[in-house]
Amino acid sequence: MPELPEVETVRRGLAPVLVGQRIAEVRLRRKDLRIPFPPRFAKRLEGRRIERLDRRAKYLLAALDSGETLVIHLGMSGQLTLEGGKPARRYHEREGLGAHDHVLITLEGGRCLLFNDPRRFGLMTLVPTDKLSTHKLFHRLGLEPLDGELTGAALQDLLAKRKTPLKAALIDQSVIAGVGNIYACEALHRARLSPKRLARTLKAESAARLAAAVSEVLAEAVEAGGSTLRDYVRSDGSPGYFQHRFAVYDRAGERCPREGCRGTIRRIVQAGRSTFYCPTCQR
DNA sequence: ACCAGCTCCTGCTTGC
DNA sequence: TGCAAGCAGGAGCTGG
């Protein structure tokens, strides 16, 4: 679900509240998400201060004063929201939590970070902060789009050996980190490139256009607070707004919004996932 | 090395 | 109306 813009929006919402705070208590309501929680997970969090809140690809990274980093992935349906205010322990101990409220992290200040994830494709784990970049979750990740790494040349280089359709290459996290199904479709439309085109056939000029399109779409989506289709909300529970600006995603049958193009948006299936594009202007 | 396909899980939408 | 199949924003694993 949440792609880079949604995760970045959650990060921006959480950072002012979490950074500098100490974790008072952690409550796990099951023993695993997509993967098991690490040994003594709650104990390794309790009493620790959160020193930074960063993002890599679609992962949130909370660096702790213990030298470990709490790694969080929202999967398809994960939500991280801030609950409660003054009455410190109330939320943590309350009954009647939702069936999918899996983890509660109560801060010394009294607020509570709640992780809810119906499909349980998300994960939480702990990784030594100085070993993050070599950890198996991170070592294969590709270019980080909002950090200036995503240049036309770098992208062309990564795509050069790939025999997959462009769309499949774009959602491959070892090429560009953080792009998922929605923003891949949007970026390809903006770059006027067909999702079916073979990745390695991209010339420098097209690769540059695609690199720029990905960066622009993601940046605009972050500005809009992400896209809310069904599950995604910001940390305060409010929705994002970028879905209203989709050019192609979930718009099969509609007229292509590109000026001067009279095409109709089509939905096809690639590698088992929906792709939306305009066959007229995307080549 | 690379790639397509399958899989985990729940809930909403669609079609009979 | 009711029920079952199909589908969903992710990504690791398998086998070719």
Side-chain angles (χ1 to χ4, degrees), chain A residues 1-10 29-37 55-60 71-80 98-103 115-125 135-142 145 157-188 195-201 214 217-218 221-222 224-234 239-246 248-253 267-276:
Chain A
M1 84 112 325
E3 305 184 28
L4 185 153
E6 290 73 36
V7 178
E8 177 61 20
T9 300
V10 170
R29 300 186 65 233
R30 47 179 305 123
K31 62 182 191 325
D32 60 11
L33 294 169
R34 194 179 84 210
I35 61 174
F37 294 112
R55 178 192 55 74
R56 173 77 171 113
K58 301 170 194 170
Y59 293 90
L60 280 172
V71 175
I72 304 173
H73 195 292
L74 301 177
M76 293 274 261
S77 58
Q79 296 182 355
L80 270 181
H100 308 302
D101 293 339
H102 304 308
V103 182
F115 182 80
N116 175 291
D117 184 9
R119 289 177 73 180
R120 266 183 279 135
F121 286 1
L123 68 84
M124 276 196 198
T125 193
H135 188 273
K136 79 183 233 191
L137 289 174
F138 303 102
H139 76 108
R140 290 165 27 95
L141 290 175
D157 197 45
L158 278 168
L159 295 178
K161 14 176 183 165
R162 307 228 153 217
K163 228 163 61 178
T164 48
L166 256 189
K167 158 74 182 316
L170 273 189
I171 61 179
D172 184 331
Q173 300 301 294
S174 67
V175 178
I176 303 177
V179 175
N181 204 43
I182 293 179
Y183 296 105
C185 294
E186 292 298 309
L188 285 167
K196 298 196 277 193
R197 175 116 170 237
L198 237 44
R200 65 175 175 192
T201 67
V214 170
V217 166
L218 294 177
V222 170
S227 304
T228 296
L229 298 189
R230 50 174 53 140
D231 299 322
Y232 164 73
V233 291
R234 309 188 209 200
Y241 294 98
F242 193 74
Q243 67 276 15
H244 302 300
R245 289 160 57 186
F246 289 163
V248 291
Y249 187 81
D250 208 16
R251 295 197 184 282
R267 172 185 182 270
I268 59 172
V269 175
Q270 294 180 289
R273 332 268 322 244
S274 291
T275 296
F276 298 89

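Residue numbers start from 1 in every chain, and the chains themselves are labelled A, B, ... in the order their sequence lines are given, proteins ahead of strands.
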[X] [atom1] - [N] [atom2] separation (whole Å):
{"X": "A:Leu229", "N": "C:dG10", "atom1": "CG", "atom2": "C1'", "result": "14 Å"}
{"X": "A:Asp231", "N": "B:dC12", "atom1": "CG", "atom2": "P", "result": "9 Å"}
{"X": "A:His102", "N": "B:dT10", "atom1": "NE2", "atom2": "C1'", "result": "10 Å"}
{"X": "A:Asp32", "N": "B:dT10", "atom1": "CG", "atom2": "C1'", "result": "15 Å"}
{"X": "A:Met124", "N": "C:dG10", "atom1": "CE", "atom2": "C1'", "result": "16 Å"}
{"X": "A:Leu198", "N": "B:dC3", "atom1": "CG", "atom2": "C1'", "result": "12 Å"}
{"X": "A:Arg200", "N": "B:dC3", "atom1": "CZ", "atom2": "C1'", "result": "12 Å"}
{"X": "A:Gln79", "N": "C:dA8", "atom1": "CD", "atom2": "P", "result": "20 Å"}

message: Using only modelled atom types and a 3.5 angstrom limit, is any donor from either the side chain of A:Arg119 or the base of B:dC9 paired with an acceptor on the other?
response: yes
Short side-chain to backbone donor-acceptor contact, [X] and [Y], under 3.5 Å:
{"X": "A:Gln243", "Y": "A:Thr228", "result": "yes"}
{"X": "A:Gln173", "Y": "A:Gly142", "result": "no"}
{"X": "A:Arg34", "Y": "A:Phe121", "result": "yes"}

Give a yes/no answer on whether the side chain of [X] brings an N or O atom under 4.0 Å of OP1 or OP2 in [N].
{"X": "A:His100", "N": "B:dC9", "value": "no"}
{"X": "A:Arg120", "N": "B:dC8", "value": "no"}
{"X": "A:Arg267", "N": "C:dA8", "value": "yes"}
{"X": "A:Ser274", "N": "C:dA8", "value": "yes"}

message: Closer than 4.0 angstrom, basic N to acidic O: yes or no for A:Asp231 and A:Arg119?
response: no
- prompt: Counting side-chain heavy atoms from C-beta on, which of B:dC9, C:dA8, B:dC3 comes nearest to A:Met76?
  reply: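 Closest nucleotide to the A:Met76 side chain: C:dA8.
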Nearest listed nucleotide, side chain of A:Pro118, among B:dT10, B:dC3, B:dA4: B:dT10
- request: Determine the interatomic distance between P on B:dC9 and the same-named atom on C:dC3; round to the nearest Å.
  value: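 Rounded to whole Å, the distance is 24 Å.
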- request: Would you kindly say whether A:Thr9 and A:Arg234 are connected by a side-chain donor-acceptor distance under 3.5 Å?
  value: no
For the residue pair [X] and [Y], what are the closest heavy atoms and their distance?
{"X": "A:Gly122", "Y": "A:Asp117", "value": "N-OD2, 2.9 Å"}
{"X": "A:Leu141", "Y": "A:Ala57", "value": "CD1-CB, 3.8 Å"}
{"X": "A:Arg251", "Y": "A:Phe246", "value": "NE-O, 2.6 Å"}

- line: In A:Leu159, A:Leu218, A:Leu170, the residue satisfying side chain to side chain contact (heavy atoms under 4.5 Å, CB included) with A:Ile176 is A:Leu170
query: NA contact type, A:Tyr249, heavy-atom cut-off 4.0 Å: base, sugar-phosphate, or nothing?
result: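 Sugar-phosphate contact only.
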- prompt: Can you tell me which stems DNA chain C forms when a stem means 3 or more consecutive Watson-Crick or G-U pairs under 3.5 Å?
  reply: B:2-8 with C:10-16, B:10-16 with C:2-8
field: A:Lys161 or A:Gly272, whichever maps to the more 5' nucleotide of DNA chain B
entry: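 It is A:Lys161, whose closest nucleotide lies nearer the 5' terminus.
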query: Under a 4.5 Å cut-off applied to non-hydrogen side-chain atoms, are A:Val10 and A:Tyr232 in contact?
result: yes
- prompt: Using a cut-off of 4.0 Å between protein heavy atoms and nucleotide atoms, how would you tag nucleotides 11-16 of chain C 5' to 3' with B, S and -?
  reply: SSS---
